[in-house]
Amino acid sequence: METFYEVMRRQGISRRSFLKFCSLTATSLGLGPAFMPKIAWAMENKPRTPVLWLHGLECTCCSESFIRSAHPLAKDVVLSMISLDYDDTLMAAAGHQAEAILDEVMTKYKGNYILAVEGNPPLNQDGMSCIIGGKPFVEQLKRVSRDAKAIISWGSCASWGCVQAAKPNPTQAVPIHKVITDKPIIKVPGCPPIAEVMTGVITYMLTFDRIPELDRQGRPKMFYSQRIHDKCYRRPNFDAGQFVESWDDDAARKGYCLYKVGCKGPTTYNACSTVRWNGGTSFPIQSGHGCIGCSEEGFWDKGSFYQHLSGINQFGVEANADEIGLVAGVTVGAAITAHAAVTALKRASNGKAPTTSPDAPATRQE
Amino acid sequence: MTQPTQSPLDASEYVYEAPVRLWHWINAACIVVLAITGYLIGSPLATQPGEASDHFVMGYIRFAHFSAAYIFTIAMIGRAYWALVGNHHARELFSVPLTSKVYWTDMLAWVRYYLFIGPTPKPMFGHNPLSRFAMFFIFLLSSLFMILTGFALYGEGAQMGSWQERTFGWVLPLLGQSNNVHVLHHLGMWVIVLFVMFHIYAAVREEINGRLSLVGAMISGYKTFKK
């Protein structure tokens, strides 16, 4: 198998450009300059790792995002660095031919290929809600994952379940970690994830031959260790107490913090406010709309996108924490008032403080 | 253990030692600050005019919340220590004798009393069974819950790798995700507010209507039995 470097040279990329790419990659991964030669060495000497990219229940927004990667260009990742051997959306082959490649890679590179999953398997009706090549997707997923070196779960679908797993989840779509339990899974959530985050994760894995450092929920720390809020350029407005109160008010035009109109930035872990989208052009908050928290688990079921206090939907009543608290407070207040009134009445009708027994108080024996 | 005497003077017992009293009022002040600032973090004040650099309203509110939270937590640790070295009343907050038959008999008597269907039960210098139940299951457990979730949320701002995040970060995935923890922390505030309402009402009512001095006891330390 060719190395990355050989492929790049064959494509007419000069050694100078190659070294530039290595240093750029090191920077985008948050690594020091000392890592640049390591990346170069790895790319000159390591054979390319085959990647099998499966699609379950999904909308292909992850693929759409991936092919728009600017640093490194998706072209570089797809053609030079990884050997994307199976991706039914991007590959030229179709039908039996395509499925044959899957089997071929699985036998030839047993235990040495990376499985990337976009979308998730539905489990109801024996998985009939998602059929690939005549068989339920869940079967393909289990089969391909068996001999994979590592598994990347692209997007919120594969990582958390996303919209198809939102209540009431009729197909019982589950994130892939519910189906694959014996392999390391790197979650790259987002709907879709940022292109540079996707290519960055792949580059890291191929260069260093190991999975990136993950947080408690299995997300790469280099991109998911901070909330949108932590690096948001509107954070000074938050700290100052300057908020958009309603859409299109003066504060909205001035670009104040969107917290009061439901921005989920303070509860969302992603790199949008640092990496941004479409080659670093913008991100939702910059365009004047709050974050909807698309990279967080179950973000569809957290109530309105325009209220940052999530709705609590229990007993068929929809309310937020403050509404519930206020009702409980008023109820208890009324109960206390009534109780006090009865106490006062009883006291008045007795004509004196109630004394029943003249005995002294008992102290508890320890 | 002192049994109240049959002297002509009112029987009284030194129930709340100085550290307990100090803790009670520090704790009360912290809860007031925490509830108000916490509410304002969830539902901020009206927008400030002018440049962002001229204001730090949310910053100060959050600072007050976090400072009060640290005091609340440290005071709670101090209170737990006092349960070990203080008198036996100091331990009542941290346990409920759920297996004791006497406890449940007393409990029934107190419930009947509060529902106006039973006679006034024999007063006791310690917590009555109902208040002991509420102290442990509502006040103590929700306080611990608020400390755990609070530090987990604080760890988010303190960033990954901070001691708060390393010590309490596990709470976030345990309860789902950050947003869930925010909501539960918010609900916890309301639970404590309800507890405070019951607590103050019961104490004042007992002071006026019952046979024990209760409100003054948290200042002087002595509970006095009124004949």
Side-chain angles (χ1 to χ4, degrees), chain A residues 215-217 221 225-227 229-230 236-245 251 256 259-260 264 266-269 293 296-299 302 308-310 312 320-322 324-326 328-329 332-333 336 339-340 342-344 346-347 353-366, chain B residues 1-6 11 13 39 42-48 51-59 61-62 88 91 114 116 119-120 122-126 156-157 159-161 169-170 172-173 176-180 182-183 186-187 189-190 193-194 197-198 201 205 209 211-212 223 225 227:
Chain A
D215 70 0
R216 288 188 183 82
Q217 278 142 299
K221 274 187 180 173
S225 62
Q226 284 182 318
R227 299 167 298 169
H229 188 60
D230 293 320
N237 297 115
F238 173 86
D239 287 332
Q242 296 181 316
F243 300 100
V244 174
E245 305 279 347
Y256 287 171
Y259 185 68
K260 279 193 182 178
K264 301 288 197 303
T267 56
T268 303
Y269 288 81
E296 287 296 317
E297 186 173 3
F299 76 101
K302 303 291 173 208
H308 81 272
L309 248 186
S310 290
I312 298 161
N320 71 29
D322 279 345
I324 292 171
L326 219 59
V332 168
I336 286 176
H339 198 270
V342 175
T343 308
K346 278 195 81 163
R347 197 179 153 97
T355 47
T356 43
S357 57
D359 55 346
T363 42
R364 184 167 298 283
Q365 298 293 322
E366 289 284 304
Chain B
M1 206 171 294
T2 36
Q3 278 295 332
T5 55
Q6 293 292 328
E13 184 175 323
Y39 183 83
S43 308
L45 297 165
T47 285
Q48 301 293 311
E51 289 298 318
S53 52
D54 295 334
H55 306 283
F56 198 54
V57 175
M58 278 299 267
I61 290 173
R62 292 172 77 241
H88 72 97
R91 281 189 282 281
Y114 273 116
F116 305 110
T120 312
K122 218 160 84 168
M124 38 181 70
F125 278 131
E156 296 194 293
Q159 303 292 294
M160 225 166 251
W170 53 271
L172 298 177
Q177 47 121 311
S178 174
N179 200 298
N180 298 5
H182 277 84
V183 171
H186 211 101
L187 279 176
M189 180 268 278
W190 286 107
V193 166
L194 296 188
M197 291 172 74
F198 279 121
Y201 172 66
R205 182 181 187 275
N209 198 47
R211 300 167 74 198
L212 276 175
K223 273 192 185 175
F225 177 61
K227 284 252 164 95

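Order of the sequence lines sets the chain letters (A, B, ...), proteins ahead of strands, with each chain counted from 1.
- With a 4.5 Å cut-off on side-chain heavy atoms, A:T343 and B:R205 count as touching.
- Ring geometry for B:Y201 against A:H339 counts as perpendicular: the plane angle is over 60°, on a 0 to 90° scale with 30° as the lower cut.
- Counted by atom type alone, B:S178 and A:E296 present zero donor-acceptor pairs between their side chains at under 3.5 Å.
- Contact between A:D230 and B:G157 at its shortest, heavy atoms only, is OD1-CA, 4.3 Å.
- Separation of atoms CZ (A:F243) and CE (B:M58) is listed at 4.0 Å; rounding is to 0.5 Å.
- No other option in B:K223, B:Q159, B:H182, B:M189 has as many heavy-atom pairs under 4.5 Å with chain A as B:Q159.
- Between the CD atom in B:Q48 and the OH atom in A:Y256 there is a gap of 9.5 Å [rounded to 0.5 Å].
- Here the side chain of A:E245 pairs a donor or acceptor atom with the backbone of B:T47 at under 3.5 angstrom.
- Counting heavy-atom pairs closer than 4.5 Å to chain B, the top-ranked of the candidates A:A340, A:P266, A:A344 is A:A340.
- The residue among B:S43, B:G59, B:G42 with the most heavy atom pairs within less than 4.5 Å of chain A is B:G42.
- We find the CG-CH2 distance between A:D322 and B:W190 to be 6.0 Å, quoted to the nearest 0.5 Å.
- Ranking B:F116, B:F56, B:Y114 against chain A, the residue ahead of the rest is B:F116, based on heavy-atom pairs under 4.5 Å.
- Of the atoms belonging to B:Y39, it is side-chain heavy atoms, and not backbone ones, that fall under 4.5 Å from chain A.
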Given A:R216 and B:L172, is the side chain to side chain contact (heavy atoms under 4.5 Å, CB included) satisfied, shown in steps?
CA-CA 9 Å; A:R216 288 188 183 82; B:L172 298 177; over 6 Å; no
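- Shown here for B:E156 and A:Y269, the closest heavy-atom pair between the two residues is OE2-OH, 2.7 Å.
- Checked against side-chain contact (heavy atoms from CB on, under 4.5 Å), B:A52 has the following partners two or more places apart in sequence or in another chain: A:P236, A:N237, A:A240, A:Q242.
- For B:N180, the side-chain contact (heavy atoms from CB on, under 4.5 Å) criterion is met by A:K302, B:Q177, not counting sequence neighbours.
- The choice from A:V342, A:I336, A:L326 that makes the most heavy-atom pairs within less than 4.5 Å of chain B is A:I336.
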